[in-house]
Undergrad: 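I have a structure here, written as structure tokens, and I will follow up with some questions on it.
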Amino acid sequence: MAHKTSTGSTNNLHDSPGQRRGVKRFGGEWVNPGAIIVRQCGTKFAVGKNVGLGRDYTIYATVAGHVQFTGDKKKYVNVLPSLQGSAQEG
């Protein structure tokens, strides 16, 4: 029988929440200016037409329209502006 208590393991003691990365608006969805489309590490998705790239590589819409994903080797994110304006929401 041991005369001293053993010390516990300190590995894997703390757990941090996930950072909620990924695609937030999918192809064909309507977005308003400033809407976040993709949160990512690095440029998994490249910036296309009518979108901007944030400091943390977040891709966001600069105009109102429908989201479009294009490309084979490199995936591009575009926003196609609608002729009806922002009256169409959904």
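Quick caveat: nothing in here was measured; it's all calculated off a predicted structure. Residues: numbered from 1 along the sequence shown. Below, all heavy atoms of this structure are taken into account, side chains as well, without hydrogens, waters or symmetry copies.
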Undergrad: Between R20 (side chain only) and G18 (backbone N and O only), is there a donor and an acceptor less than 3.5 Å apart?
TA: yes
Undergrad: Please determine whether residues W30 and F26 belong to a single hydrophobic cluster, defined as Ile, Leu, Val, Met, Phe, Trp and Tyr linked transitively by side-chain heavy-atom distances below 4.5 Å.
TA: no
Undergrad: Do T43 and K74 touch side chain to side chain, with heavy atoms closer than 4.5 Å?
TA: yes
Undergrad: When rounded to the nearest 0.5 angstrom, what distance separates NZ in K44 from CZ in R21?
TA: 10.0 Å
Undergrad: Is there a path of hydrophobic side-chain contacts, each under 4.5 Å between heavy atoms of I/L/V/M/F/W/Y residues, joining V38 to L53?
TA: yes
Undergrad: Which atoms form the tightest heavy-atom contact between A61 and V79, and what is the distance?
TA: CB-CG2, 4.0 Å
Undergrad: Is any side-chain heavy atom of D56 closer than 4.5 Å to one of R39?
TA: yes
Undergrad: Q40 side chain to Y57 main-chain N or O, any donor-acceptor pair under 3.5 Å?
TA: yes
Undergrad: Where the side chain of T62 meets the backbone of N50, is there a donor-acceptor pair that is under 3.5 Å apart?
TA: yes
Undergrad: On a heavy-atom basis, which atom in I59 and which in A46 lie closest, and how many Å separate them?
TA: CD1-O, 4.1 Å
Undergrad: How about NZ on K24, more than 12 heavy atoms from neighbouring residues, nucleotides or ligands closer than 6.0 Å, or not?
TA: yes
Undergrad: Would you check, one step at a time, whether the test side chain to side chain contact (heavy atoms under 4.5 Å, CB included) holds for V77 with V47?
TA: CA-CA 6 Å; V77 181; V47 175; over 6 Å; no
Undergrad: Where is the tightest heavy-atom contact between N78 and K49, given as atom of each residue plus distance?
TA: OD1-N, 2.8 Å
Undergrad: Are Y60 and F45 in one and the same hydrophobic cluster, where Ile, Leu, Val, Met, Phe, Trp and Tyr link if side-chain heavy atoms are under 4.5 Å apart?
TA: no
Undergrad: Y76, V23: one ILVMFWY side-chain cluster at the under-4.5 Å cut-off?
TA: no
Undergrad: Any donor-acceptor pair under 3.5 Å linking the side chain of H66 with the backbone of G28?
TA: yes
